[in-house]
Every structure is written in structure tokens, then in C-alpha cells.
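Report on the following structure.
Everything numeric in this text was worked out from a predicted model, so none of it was measured. In what follows, chains are A, B, ... by sequence order, proteins preceding strands, each numbered from 1.
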Amino acid sequence: MQHRKYPFIVGFLIVPLVLYITFVIWPYIQTIGYSLTNWQGESQTFKFVGFQNYSDLFHDGVFRTALWHNILLLIFLPVVTILLALFFAFMVNVGGRSTAGGVQGVRGASIYKVVYFFPQVLSVAILIVLFGAIYRSDSAGLLNGVLTKLHLEDANNPIEWLNDPNLVLWCLLGVQVWAGVGFYLVLFSAAMQSIPKDIYEAALLDGADRSQTFFKVTLPLLWDTVQTSWVYISIFAMDFFALVSGLTQGTYGGGPDHHSEVMSTYLMRNFLYFGKSGYACAQGVMIMLLTMIVSVITLRASRRDRIEF
Amino acid sequence: MGSEMNRRDLVKRSAALGLVAVPAAGLLSACASSGGSDSNSSTKPTKGAASKDNPFGVNDSAALDIVIFDGGYGHDYATALGKLYESKHAGSKASVLPTQDITGKLQPRFNGGNPPDVIDDSGAQQIKLDVLQKNGQLSDLTPLLDAPYIDDPSKKIRDVLQPGTIETGTLDGKMYSLSYIYTVWGLWYSGKLFKEKGWTAPKTWTDFMSLSAEIKKAGIAPFAHQGKYPYYINVAIMDLIAKNGGVDLQKRIDAFDPTAWDDPAVLKGITAIYEIVDKGYLLPGTNGLTHIESQTKWNQYKAAFIPCGSWLENEQLKATPSDFDMKFMPMPSLDGDKLPPDAIRAGAGEPFIVPAKAKNQAGGLEFLRMMLTKEGSGKFAAAANSLTVLKDGVGSDVQLRPGTASTVTALTAAGTNTFNYNYPNTNSQFDTDLQNLSAELMAKRLKPAEWVAKAKQLAAKAKSS
């Protein structure tokens, strides 16, 4: 039977492999090719320019700004999302008062779980409309309206959330955290529920309080899930295209004055609007390299011994 | 237990794979160029014989492929003209594809060498004309200009176009696009509000500023602009500069001459706009509002003036109170203006193009010729509350709304004193960067002198590229 094994495996793999090569690998190779040309995106006439695009890229202040913003997101987005999600998941599942019945969540935990998950069912387009209204720069905006009513700000001098260079990136980060926490809360909840209750009960009997239970029991047993989440959220942090281009000033967003620029929006503007498609391809190659580095680091750094239970 | 671990590994690996795959999604468009050929070998329909009635030699049996930007002006006018085309060329079939996603739909077709025959290349997803032209994708429209005007064959098309139409469509000395809509730019106000309060539209900047002080006292913000899109305020700034420095200066700016920015008119224009910001005459929050949000607040009498082009009336049709009495006025004049106070930015917009590789190129040109008739132009004006580039193209039978009517008056008053910048068509990056500077100035993060210095750097950069 052994000799029948390989045709069988190949038979299963051939279709996904062909799809993967056609739609992922081949575009990569093409992108690398185009990144060495001065292609303008509208015809097949272009010249080979060597590494000109890459050397331009290193001297491009806007690209450096965009890269820095992606790095900031890469640091803060996973940290904030995961910490919040872990906290909520812990409270919902095991944070309640311990009773004779053992370990349980806070009162109304099942309702919280559903409510926290709501943002996850909204598409990015809806998020953009919603937060466009929340961050609106005059007193008709939700935030400014509330602040004005509370007399915390002057109606004639509202905070222009998305037009303020110091606020805009953090406003966008807030949107993504708001939208993401619910999903990871459910993910962590599921993982927590697979932790046997007797471990918690043993900890409680030994007199562990909530934070001790969390750090000594829950977190180590959830490490695999946290690690996976970290990688997923990093994907969002490296992309971030839709939120920036939808909510901020400028063609494909990035305003004011590049203070919310991320690599993907800058790439898009160069590719489609400025007709610098070859240059945009070079940026794409850089993004690919950076993302690969990030994923390797993330997987390496979070490697730990697994605990069997 | 073992299978459990395997599954987790799998999830992790697929997540890592996802990380790698994401940029690919962004770059999928890059492969849009693959597989196309640039050769002209695609089967062109044999040309019909050219005649007086058929100057481009349209083949009656050839299909006509029309793509229309489905924006504020809709596409019904194109469908109607398509029917007219079919009836004049028996056996032909004219298909109209209305879309807002011009780039998404057409970039692959340009790259693949099979573009449509005529395109209304407009809207936010417009393919930039300078990029298309540099890549040899556009037909020269000179034959159209020299073709007879259908309503009066003794005239050529070039004789019946509004001034500036040919210049707007010209890149590197040849006309490549026919901008069909004639637009004027300036400030807008409510005739009703002004009448009620006894205010008169100011002619000079000094009057404008003193009226603004009065308006502010009345509890209304003197000035709103569409801050999320700095395009609008940039128009107001550049108009003040052109009126003060004259057409000569405007041409030098268009040519990316960096020394043009040293002209005192530049600093004067930008300082005037900065005065509005500095004196607190802006509608609170207007720097972050979209065009619809700010224009609607203006319609609600929250602000007195707003800068815009003449599409404003059609765009705000639903938000405008019926007794609003929308009025247009030219940008007020500064001291020592080289152009008269009535001078306005006016020009053709909404470019129509015929791709160089179109299968039915003759049909595309003929379609444009049919748009330039009283019938085509009148249909358009009635549907879209806008004038076309056909001189006297709107007959007396077409009823105009107050805003559009006031632009006609302003155009008559301006006479030959119209101007229009061409740099947005020839260098998208310079235009974008300049708008960016203007947004910073409006937010008080740049001073007028810094704005001038940075704009000069941009011009130098644009010149060298």
C-alpha cells in the first residue's frame, strides 16, 4: 500500500498548490520584478532602473514616517488588545466571587460576552462611518458633543480629533482596539473553559486571590492562544489600510500632513494616484520583508515550554 | 492530546502564513499588468469611408463601448446619446457602463491593450490623465477639433468651444481630453440670508474682512471650508494669488518655476487667507469636516461663505432650503490686483477621453462630436444643473436654478478675464502636496511665510522630476 501513498497526497495538494503559486507566489515574483523598473501602471512600457527605487525609498521621509507609524501600531495594538481581552475574559469566566459552587464569572457574564462581540460583526466600512460620526470635528460629533455638554470644551474651539497631528494615530488605534477586543475575548474565553476547573479550585483552596490565579494559573495555560492572537493582531498592525484611508484627510488618507500615514496607504497613493507604480512595488517588497521579519520574531520570542493538562 | 497540539501548531503556522500573505493582497493589483500586450495587433474594425457627414470614417457595424463615471451628473445623458448614435449608425450597438470605480475597472483593460472606446475619466477613482498620456494611451483629439460642428457644418468644433477648453485638455502641446462641463470657482453665499441682514457681497478683501467682523457679531461663522479635502481651500488661495499676480504668474506656477513663488502676490494671497484663520472667522471644526458636512452646515445658515465650484448647487440639491437663494461671487480683490475684480477661475472639467488603443476609435470621436450639439448639451444642462463647454449650448428653453443662473451672470461679467490652473492635470503629486500645506495653514500649524517657502521647494522638486 505504501507506493499508493504519494499519488494520493499529491492529488490532494495539487489544486491548492497551483492556486497558491498563481495568486500568491507569482504576484510576489512579479512585484519584485516591477520594483526594479520605472513602471507607471498604465501600460507595458517601462525601463529597468536597477535598485534606484530602493535607494529613493531610503531617502524618502514620508516612507520613514509611515514605517514608524506601523512600528508604533505593531507595539501598541497587540499589547492593548490582548491585555484588555485577557482582563475581560478572566472577569467573564473566573473573575466572579467564589461561592460554594466553585469558580464562575461576574454576574451577567453571558450577556457581556455577547455585547463585547458586537463590534466584531461590523464590517470595516461600517466602522468608518460610525467613527467618522464619533470623531467628527465640530459639536455635531459624538465626542465633541458630549465634551461640550459637560462644559469640558468650548463649542467654538472643538477638538479636531482626526485633524490633530498628536491625536490622529491614537484615535485610529482606539477604533481597532474597540473592534478587536470582542473577538479575542471570545477566543480567550474558549481557551479558559478548556482549563479544568479543579486547577482553579485547588488554587482557591490554597488561598490564591484573583490576580494570583490569573498570573500563576490562567496566563501560563493560555500562552499558546495569546501567541496566536499576537500574530493575528500584528497582521492588522502591518496593514491598517482601510481605517486610515477611510477616516483621515487626503487621497487614501494619511493626513494631516502624513501624521497618520502607514506604509500601505503611501504605497496605494504612489501606485494608483501618482503613477509611480514601480516605486510602489519597491515599497510592497519592503513591506513583505518587514512582515516576514516580524512574524519570525513574534514566533521565536513567544516560544515557551508547553504545559500539558 | 497529541492531535490537540497538532491543531494548535496548525493554527499558529497558518497565522504566520497569513502575515506573509497580507502584503500579497495589497499587491495583487500589481499583476494587473500581466498577460497584456502592447502591440496594436488587436483586431480593429475596418474603417468606414470618411465623408462630410462622417468625418472620422465610422464603421456602421462596429460596436461602441462607453464607460461613464456615475457621479453627481448620472449617466442618463450618455444612454440617450448612445441611442442617438445607434440610430445614426444602423447596425451598431452602443453600450454604456456606468461606474464609480474607473481605475479598478479600466486599469487592467489599459494594461491588457483592450480599453473601451470612450471614457468619462472622472471622480475620486479617476485614472490621472498625465499618467495615461505619458504611457501613450490617449488619442490625439485634434481631428475632433477640426471636424464640422453638427448643428452648423460651416463651423469647426474648435470654434464653438468655450475659451480654455482646448488648453485644459492639452498635454505636451496636443489635446488629449475633452472636458465637457464648464465650471466656475469662487465663493458662495445665501441671497436670502444676506438680504435679511442687509449685507452686500463684498468686492474687495478689505470689505470682505469688515463684513466678516459684522457677520461674526451676528453670531454666524463668516467662513466655512471643506477641511477634510483641502482641495477647496487651495482653490481659494490659488485664485487670490492669480488675481493679484496676473495670468503671467499663473502660467509660471503652472510651469513649476520655483521663482514664481517669490512673487509678492503669493505671500499676499496666502496672508489674506491666513487672516481668516487668525481672526477666528472659521466655522468651528470646519478643518475636519467633509465637503457634505461643511456645505450642509452652510446650507443651515451656520456659515456665511464657502469656497466651491459650480457643481455645488447640484450636489446640495436636497440639503438646500427652497428659499435659500444660492449666489455665486468671484474671490474678492486684493490691493494692487493685476486682474479686475470680476475675474474668475473658469474652466472645463469632467474629462472625456478616447484611448489610443480603442477598437472603435472613430466611433469614440464621433460620440464626442455628438455630445457637442445643442441637443446633447441641453439634455445635460437640464439633468445636471451645469453648463457645458459648448458656447451658448443651453437654449432659453432650459430653466436654470438660482445658483447656476448667478454663475452665468458672473461669467458674462468676467468676459475674457477668466483663468485656470493646469498644474493639477500635469503633476498630481505637486497638487496633493500643496493641498497638504494649505490644510496645515488652515489648522494654524504653518505661517504664511513657511507656506510660501515650502511651496517653493515643492515646485523645485516638481521641476526636477
Is there a side-chain contact between Gln107(B) and Phe271(A) (heavy atoms, below 4.5 Å)?
yes
Applying a strict 4.5 Å limit to non-hydrogen atoms, the region of Lys228(B) in contact with chain A is both
Turns out that what part of Gln429(B) lies under 4.5 Å from chain A's heavy atoms comes down to both
Legend entry - salt_bridge(Lys297(B), Asp138(A)) N-O dist < 4.0 Å: yes
The interface call for Ile293(A) against chain B, heavy-atom contacts under 4.5 Å, is neither
Under 4.5 Å to a heavy atom of chain A? For Asn436(B) that would be side chain
Turns out that what part of Phe236(A) lies under 4.5 Å from chain B's heavy atoms comes down to neither
Here the pair of heavy atoms bringing Asp164(A) nearest to Arg445(B) is CA-NH1, 4.1 Å
Value for CD (Gln40(A)) from NZ (Lys134(B)), rounded to nearest 0.5 Å, stands at 6.0 Å
With a 4.5 Å limit on heavy-atom distance, are the side chains of Trp39(A) and Asn111(B) in contact?
yes
Whatever's closer than 4.5 Å to a heavy atom in chain B on Ala140(A) counts as neither
Honestly, the part of Thr290(B) sitting under 4.5 Å from a heavy atom of chain A is neither
Answer key: most heavy-atom pairs under 4.5 Å with chain A among Leu289(B), Asp431(B), Leu283(B), Asp433(B) is Leu289(B)
If one checks every heavy atom of Gln435(B) against chain A at 4.5 Å, the contacting part turns out to be neither
Honestly, the part of Glu160(A) sitting under 4.5 Å from a heavy atom of chain B is side chain
In terms of heavy-atom pairs under 4.5 Å with chain A, the winner among Thr103(B), Leu282(B), Thr432(B) is Thr432(B)
When the 4.5 angstrom heavy-atom criterion is applied to Asn270(A) and chain B, the contacting part is neither
